[in-house]
Amino acid sequence: MSLDRELVSPDPEGDEQAIESALRPKRLGEFIGQSRVREQLSLVLESAVRRGRPPDHVLMSGSPGLGKTTLAMIIAAELGMPLRLTSGPALERAGDLAAILSTLAEGEVLFIDEIHRMSRSAEEMLYLAMEDFRVDIVVGKGPGATAIPLEIAPFTLVGATTRAGLLPAPLRDRFGFVAHMDFYDVAELEQVLRRSARLLSLELPDDGGHEIARRSRGTPRIANRLLRRVRDFAEVRTEGVITREVAAAALNLYEVDAEGLDRLDRAVLGALLRKFGGGPVGLSTLAVAVGEEPETVEVVAEPFLVRQGLLARTPRGRVATASAWTHLGLVPPPDAVGAAAQPVLFDDPAAS
Ligand SMILES: Nc1ncnc2c1ncn2[C@@H]1O[C@H](COP(=O)(O)OP(=O)(O)OP(=O)(O)O)[C@@H](O)[C@H]1O
């Protein structure tokens, strides 16, 4: 079945997950943006194919929805190898990982999403597997425990993390290629949207695409999601064409503002300004104030707010910039961090 038919029949509204996966680019040539990562990766892959050997292990870091899973699938496709998917939280015990590693075929690509959330014992097993293609199976407990070495087939590990800083150095150092995925610019997101609109048979004039792209928080997954919400609006309330006005009206309805900030972003900024006078405030306190987990605030909201120059991470805690005050229609205090000032970008545990 062609991709178009798969998407338009019999029930295209039925399964958003299926649509999202159908919209994934399948080969490196279709992958939009991240030009440096694409070029570097294509060299790594091509030389591996020429040598007939699995390429070095690949680590990808970046915010959620920037295309890490998509790229892992592309790596396997470009190598012509199967892909096995798992995630850090699923590898609670070393045995969970051993069960996967011992059944990998030669050259297979193993993708571990959220690799920073793997258990310590699984992590230690992975060191040996990555380096020597071997695992030690421990039999028995206490002083009588014995490690039985088990050869595994040479494979390529692709790890993805939203928080590269949390990966222990011994693990990070075992990756031969590290790809830092950045937020996409508006023109790149317009390209993503044009491609998705074509696959979904939607009419998306350039001005409509531009309006959705600039509200997509630099993230393809959000661009595709907003496109689906705007499509709903266009189909129900208008003739179906996604003009700039239609896109703006739909996104206002879904509480995505002109800069792309959503409810969580505005809640974080609102709490920072109204409850803490613009900061500095620690991450955990801020998270409690908005009723979210610290990790959600830190991984989902903050990177975009920092990039937009609305929030700064400082050694003393999170601070709102002057632009944050104006964005929420408030008057910045005279000592607010200037919007032009460079935010201090580092994570200080003392500030959390
Ligand atoms: N470069 C790209 N070009 C076109 N579409 C893309 C690109 N990157 C991502 N997408 C789209 O965005 C969606 C999300 O991508 P993906 O699931 O790979 O992100 P992710 O970084 O793995 O996110 P998470 O870490 O939250 O799982 C995909 O369905 C895909 O269609």
Side-chain angles (χ1 to χ4, degrees), residues 3-4 6-7 12 15-42 58-78 83-90 109-118 157-164 166-167 178-200 202 204 209 212-213 215-229 231 260 262 264 293 295-296 298-304 307:
L3 185 58
D4 295 58
E6 211 175 310
L7 290 174
D15 188 350
E16 297 247 332
Q17 286 281 329
I19 294 181
E20 181 170 311
S21 83
L23 291 179
R24 282 183 201 283
K26 306 280 182 287
R27 302 306 289 247
L28 209 48
E30 289 174 66
F31 194 82
I32 294 159
Q34 312 290 345
S35 50
R36 191 178 300 255
V37 167
R38 236 181 327 128
E39 194 179 347
Q40 294 168 340
L41 193 58
S42 86
V58 176
L59 177 67
M60 295 179 292
S61 72
S63 286
L66 294 184
K68 299 184 292 298
T69 307
T70 304
L71 215 44
M73 291 176 170
I74 288 176
I75 290 173
E78 294 290 341
L83 176 75
R84 193 87 65 95
L85 289 116
T86 184
S87 73
V109 177
L110 171 63
F111 176 56
I112 307 185
D113 202 3
E114 297 187 81
I115 194 165
H116 60 277
R117 295 179 62 190
M118 207 171 26
L157 175 67
V158 179
T161 178
T162 47
R163 311 177 69 189
L166 285 190
L167 278 194
V178 181
H180 297 284
M181 313 272 288
D182 224 328
F183 285 111
Y184 292 63
D185 64 30
V186 172
E188 291 164 343
L189 291 175
E190 285 181 50
Q191 250 182 291
V192 170
L193 287 162
R194 265 198 300 278
R195 176 177 177 276
S196 301
R198 185 169 40 80
L199 293 172
L200 293 164
L202 299 176
L204 180 69
I212 302 175
R215 297 193 190 208
S216 298
R217 306 171 96 255
T219 309
R221 174 181 294 137
I222 297 182
N224 283 338
R225 193 173 69 215
L226 297 184
L227 176 65
R228 297 197 295 272
R229 295 294 70 78
R231 168 208 60 190
D262 61 16
L264 175 64
E293 290 297 318
E295 192 175 346
T296 308
E298 190 177 25
V299 171
V300 181
E302 276 190 358
F304 178 68
R307 181 182 183 247

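Just so you know, ligand 1 is whichever comes first in the structure, and atom 1 is the first atom listed for that ligand. Just so it is clear, the structure is predicted and the values come from calculations on it, not from any experiment.
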Side-chain donor or acceptor of [X] paired with backbone N/O of [Y] under 3.5 Å:
X      : Y      : result
Glu39  : Arg36  : no
Lys68  : Asp113 : no
Gln191 : Ile32  : no

Would you check if [X] and [Y] make a side-chain contact, meaning some heavy-atom pair closer than 4.5 Å?
X      : Y      : result
Val37  : His180 : no
Ser63  : Arg217 : no
Ile222 : Arg225 : yes
Pro89  : Glu114 : yes

Within this structure, what is the CE-OG1 distance for the pair Met181 and Thr70, rounded to the nearest 0.5 Å? 8.0 Å
Just which atoms of ligand 1 are under 4.0 Å from any heavy atom in [X]?
X      : answer
Pro220 : 6 (C), 7 (C), 8 (N), 9 (C), 10 (N), 11 (C), 12 (O)
Thr70  : 15 (O), 16 (P), 18 (O), 28 (C), 30 (C)
Leu23  : 31 (O)
Pro64  : 23 (O), 25 (O), 26 (O)
Lys68  : 18 (O), 19 (O), 20 (P), 21 (O), 22 (O), 25 (O)

Under 4.0 Å from ligand 1, counting heavy atoms only, is it the side chain of [X], its backbone, both or neither?
X      : answer
Pro25  : side chain
Asp113 : side chain
Asn224 : side chain

What protein heavy atom is closest to [atom], reported as residue, atom name and distance in Å?
atom                    : result
atom 12 (O) of ligand 1 : Arg221 N, 3.5 Å
atom 1 (N) of ligand 1  : Ile32 O, 2.8 Å
atom 16 (P) of ligand 1 : Arg24 NH1, 3.4 Å

Is any N or O atom of Tyr184, backbone or side chain, closer than 3.5 Å to an N or O atom of ligand 1? yes
More than 12 heavy atoms of other groups within 6.0 Å of Glu293 CD: no
Looking at non-hydrogen atoms alone, which of Gly67, Gly65, Gly33, Ser61 comes nearest to atom 8 (N) of ligand 1? Gly67
